[in-house]
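Notes follow the structure.
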Amino acid sequence: MIRTHTCNELSRKNIGEKVKLCGWVHSIRDHGNLKFIDLRDRYGITQIVCSPEEVSEQIWNKLKELKNEFVISVEGFVVGRPEETINKKIDTGEIEVKLIDFVVLNESKNLPFEIEEKEKINETLRLKYRYIDMRKSGLQKNLIKRSDFLFYVREFLKKENFVEIETPILTKSTPEGARDFIVPSRLNPGKFYALPQSPQLFKQILMIGGFDRYYQIAKCFRDEDLRADRQPEFTQIDIEMSFIEEEDIISMVENLLKYAIEKTFEIKVEIPFKKISYNNAIEKYGTDTPDMRLNIEFVDLTKVFEKSEIRIFTEIIEKKGVIKGFFIKDGEKISLKNIEEYNEFVKNSGGNGIGWIRFKGEEIQSPLKKFLLEDIVSEIKNLSPYKTSSEVLLFLGGEKKWVNETLKNLIDKIKEKLIEQKEQFSFVWIVDFPLFEYNLEEKRIQSVHHPFTSPKIDDIKILEIEPLKVKSRAYDIVLNGIEIGGGSIRINKREIQEKIFKIIGLEEKIYLERFGFLLEALEYGAPPHGGIAIGLDRLLMILLGEESIRETIAFPKTQKGVCLLTDAPGDVEYNLLKENKIRIDISEK
RNA sequence: GGGGCCGUAGUUCAGCGGUCAAGAAUGCCAGACUGUCGAUCUGGAGGUCGCGGGUUCAAAUCCCGUCGGCCCCGCCA
């Protein structure tokens, strides 16, 4: 046995015991004839102490060769520390281990960056030397939390009778959705597998196969450009259930999240979460991923300004535009200089500028002051949800969609100032999505969610007449302004599924080729079913207070999709290409 | 496909046309030290200023290109 305890385990209770510890030399404090070594493993730090009169000359000399990050195994006696030298910063601070002997298990070169660096290290270095970055507490803590979280997810789902089933990684390319990663098939030259964007079709097939409750911690792959919260491969908590309706999934997910989050983190989760319809979200927040920590809703000033004599506004209204804005409760937080900034921002977004009114008790301050009659002012003030003695109203006018989007972008700009509690976690469900949207570039109707999403039952009758008015049985879950998951009740009738394919412009030949197996399966007793997928990396990013998804993934890729540790993607040997009947053709620019 | 920011000792940064044949902190190396825990003290080493080209009497500094990283738009059913 080369260790009897971890480096965070020993306490007063162990005093007098002979122990063996293993770990990395975290630091050496050398006082000449007294040396302290902090020995570190992932559990913690234990102080080793040694002086020449207590060990042989040979051991003492060997000790002098130790450097930081050497891996060693130490044998010694646990002793209590003198009262005045107790270190309250570490769990083992009441004891130390008096060295008897030690073995260097491996040496280490000087590290490219320090383990105990307080400042942020360049991410390129961190990714290249990921194994060193992992020795630091930050990434280590995140990966352990990730593991804990998944354990509680599995525990919850197991208790709820879910079956964890793996689905293939080598699968078939699907025409809708993101770009696929492809894998050549040597046994079928010229043909390719695709890596799954999600296990969508397999989980539906599992429902038809009678597994009424399925889940998987599923790797998904999408060959799209990366962002702070997007990696080409990521993990979803993928769930599907039979014999259920929207509300069953929603409440199951609420309970799951509450359980796993509260078990893993010091976070209280209040359920049920709020629900907002898609249309309402757009009207009130200008987005289908509103940040509910903000407590800011748009107010519609169109009717108020319609009666005013202010030309710039009445003109907008005549052109069917709208005037909308939002109140900021703590008006003092917004200076004139800030407003000037926002004005520039609105102009850069293609508008005329921003309108604003500052309410100070009975007084108002505004560039429009001389045009604002008293009754208009009081009507506007009445729209405030806060009615404090010091608030600011920011507003703009124009085409409705532009106004909603610009106000939302403006809020994003001001957000940092307005969020009172950063450590707050505010979930919201977005429901009643439209089933389809019109793609202007491709001039065709496409699915908002995915083509297997069921329309609302009442809307099936207008499916082919007014498809853009059809609502879907889809739901998204949003946390602090970021989409962390989404799902729907699926179509379980071949006839409707075929209609959907046709509406989104898939020819019969194409959809039979791609999805024929699903359509056929739907004819053999497909139960009503639905599910959800939760983006694990993203959810953890938010819960851990990280700015990037990469902080929750052991081996993430850079923005160009490169793994700096392994240098993937790389060249492959010519023979491998030949066996796969692949010829490289990189045309010059 | 496009926009923005960044690249200087091992690390984090400063320097942004001229006493810079580049500097701080930390780390590293050597020596001293028996109660430290961000040890302390003394001394020392350490740089293709990402790479290539240009402008200039003079470039880490300005310009162009290129490579790499980050953030964003497009894209991500």
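Numbered from 1 within each chain, the chains take letters A, B, ... in sequence-line order.
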Donor-acceptor side-chain pairing of A:E546 and A:N142 below 3.5 angstrom: yes

Quick check on [N]: is either OP1 or OP2 less than 4.0 Å from any side-chain nitrogen or oxygen of [X]?
| X | N | answer |
| --- | --- | --- |
| A:K120 | B:C70 | no |
| A:K560 | B:G68 | yes |
| A:T124 | B:G68 | no |
| A:R29 | B:C41 | no |

Per-nucleotide protein contact string for nucleotides 2-10 of chain B, where B marks a base within reach and S marks sugar-phosphate only (heavy atoms under 4.0 Å, - for neither): --------B

Between [options], which one does the side chain of [X] approach most closely?
| X | options | result |
| --- | --- | --- |
| A:R230 | B:G35, B:U36, B:G74 | B:G74 |
| A:T558 | B:C70, B:U36, B:C28 | B:C70 |
| A:D30 | B:C33, B:C76, B:C71 | B:C33 |
| A:V562 | B:G69, B:G38, B:C75 | B:G69 |

Base of B:G74 paired with side chain of A:R227 (donor-acceptor, under 3.5 Å): yes

Heavy-atom donor-acceptor pair, A:E96 side-chain to B:G35 base, under 3.5 Å: yes

A:E224 with A:R230: basic N within carboxylate O range, under 4.0 Å: no

Sugar-phosphate only, base, or nothing, as touched by A:K128 at under 4.0 Å among non-hydrogen atoms: nothing

Protein-nucleotide distance (A:L34, atom CG; B:U34, atom P), rounded to Å: 8 Å

